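Please read the structure below before turning to the comments.
For the single chain, residues carry numbers from 1 onward in sequence order. Just so it is clear, the model here is predicted, and its values are computed rather than measured.
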Amino acid sequence: MGLKMPAYAYYSAKGTDNVKDQKDSGWNLRSQGKIDKFFNFIAHPLIREIGLKEVIYNNQIDLLEMDWRAQTFFEPDTEYRPRLTELIDAMGEHGTVVVPDMSHLKDGAYCRRVIDRFCDCPIAPVSVARVENRIDRLMPYLLRPLSELRRTRSFLEGVKLFFNEAANSAVDNRDGLKNHLVHTPKKSA
């Protein structure tokens with residue numbers, strides 16, 4: 001299992017009803033910040049190089065020069081999830097989607113059909129919450145100038161572990177989402 005790049009970012013509106021639709025509400029800025037943290041980390045040249053050797057792939061595109069972050073989808077309608085449908089269409093039903101945490105895919109009373117479709121295709125939902133501690137431990141090392149970075153064994157192992165955790169958690173996340181759907185009562189749309 002690997003992570004197909006470029007990855008798409010997706011987060012749903014959070015907070016009370018009067019701030020959900022506002023991208024600049026505190027809840028939504030926090031979610032955007034988590035997604036930015038993930039993509040800023042994997043954008044570092046050394047991290048990219050290690051990732052390409054580990055679990056990053058795309059059979060049609062040269063990944064060395066391209067941006068690994070594709071489009072970001074913000075979902076204000078958490079009940080029906082029309083932007084999640086757009087995301088699945090944009091991904092071609094195969095790829096990686098980055099979410100702040102899995103609640104961004106689980107909430108919504110009438111979105112079961114969309115989430116069923118999401119679970120039926122080989123999309124890997126990576127939760128930043130699952131790998132955030134590893135990013136926090138590795139980021140201080142990356143603050144040095146690129147010419148001063150040494151590839152110590154512990155750093156290389158930490159980055160490899162980050163990519164393996166991200167790829168493995170994507171499988172676990174999809175399975176957890178399917179399990180969540182099995183135990184959630186159906187509502188008609």
Walk me through it: do Glu157 and Lys160 pass the test salt bridge (charged side-chain N to carboxylate O under 4.0 Å, His left out)?
CA-CA 5 Å; Glu157 288 173 358; Lys160 289 176 182 179; over 6 Å; no
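- A distance of 6.5 Å separates CG of Leu84 from CG of Leu105, quoted to the nearest 0.5 Å.
- When hydrophobic clusters are built by joining Ile, Leu, Val, Met, Phe, Trp and Tyr residues whose side-chain heavy atoms come closer than 4.5 Å, directly or via intermediates, Val128 is not grouped with Leu161.
- Summarising the geometry, atom CD1 belonging to Ile123 is positioned 13.0 Å from atom CG belonging to Asn173; distances are rounded to the nearest 0.5 Å.
- Scanning both residues, Pro100 and Ser127, for their nearest heavy atoms gives O-OG, 3.7 Å.
- Looking only at side-chain heavy atoms (C-beta outward), Ser12 and Arg81 come within less than 4.5 Å of each other.
- Put simply, CG on Leu3 and CG on Asn168 are 9.5 Å apart, with the number rounded to the nearest 0.5 Å.
- Classification of the His104-Tyr11 ring pair by plane angle, with boundaries at 30° and 60°, yields perpendicular.
- Glu132 places no side-chain N or O within 3.5 Å of a backbone atom of Lys34 that could act as its donor or acceptor partner.
- Within the 4.5 Å cutoff, no side-chain heavy atoms of Leu87 are placed close to those of Glu75.
- At a threshold of 4.0 Å, the pair Asp136-Lys37 counts as salt-bridged, since one of the basic side-chain nitrogens sits closer than that to a carboxylate oxygen.
- Annotation for Val126 and Ala170: closest pair CG2-CB, 4.1 Å, computed over non-hydrogen atoms.
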Might you work through the side-chain contact (heavy atoms from CB on, under 4.5 Å) test for Phe163 and Ile47, ending with a clear yes or no?
CA-CA 9 Å; Phe163 281 113; Ile47 302 301; 3.7 Å; yes
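- Across all their heavy atoms, Pro140 and Arg137 have their closest contact at CD-O, 3.7 Å.
- Considering OG1 of Thr72 and CZ of Phe39, their distance stands at 6.5 Å, rounded to 0.5 Å.
- Once rounded to the nearest 0.5 Å, the distance linking CG of Asp67 with CZ of Arg48 reads 7.0 Å.
- Closest approach of Phe162 to Ile42, counting heavy atoms only: CE2-CG2, 3.8 Å.
- Distance check, rounded to the nearest 0.5 Å: CG of Asp36 to CG of Leu29 gives 10.0 Å.
- In this structure, the side chain of Glu165 does not engage the main chain of Val131 through any donor-acceptor pair within 3.5 Å.
- Using a 4.5 Å heavy-atom cutoff, the side chains of Arg69 and Ile35 are in contact.
- Between Phe155 and Ile50, some side-chain heavy-atom pair lies under the 4.5 Å cut-off.
- A donor-acceptor pair under 3.5 Å is absent between the side-chain atoms of Asp101 and the main chain of Ala129, judged by distance alone.
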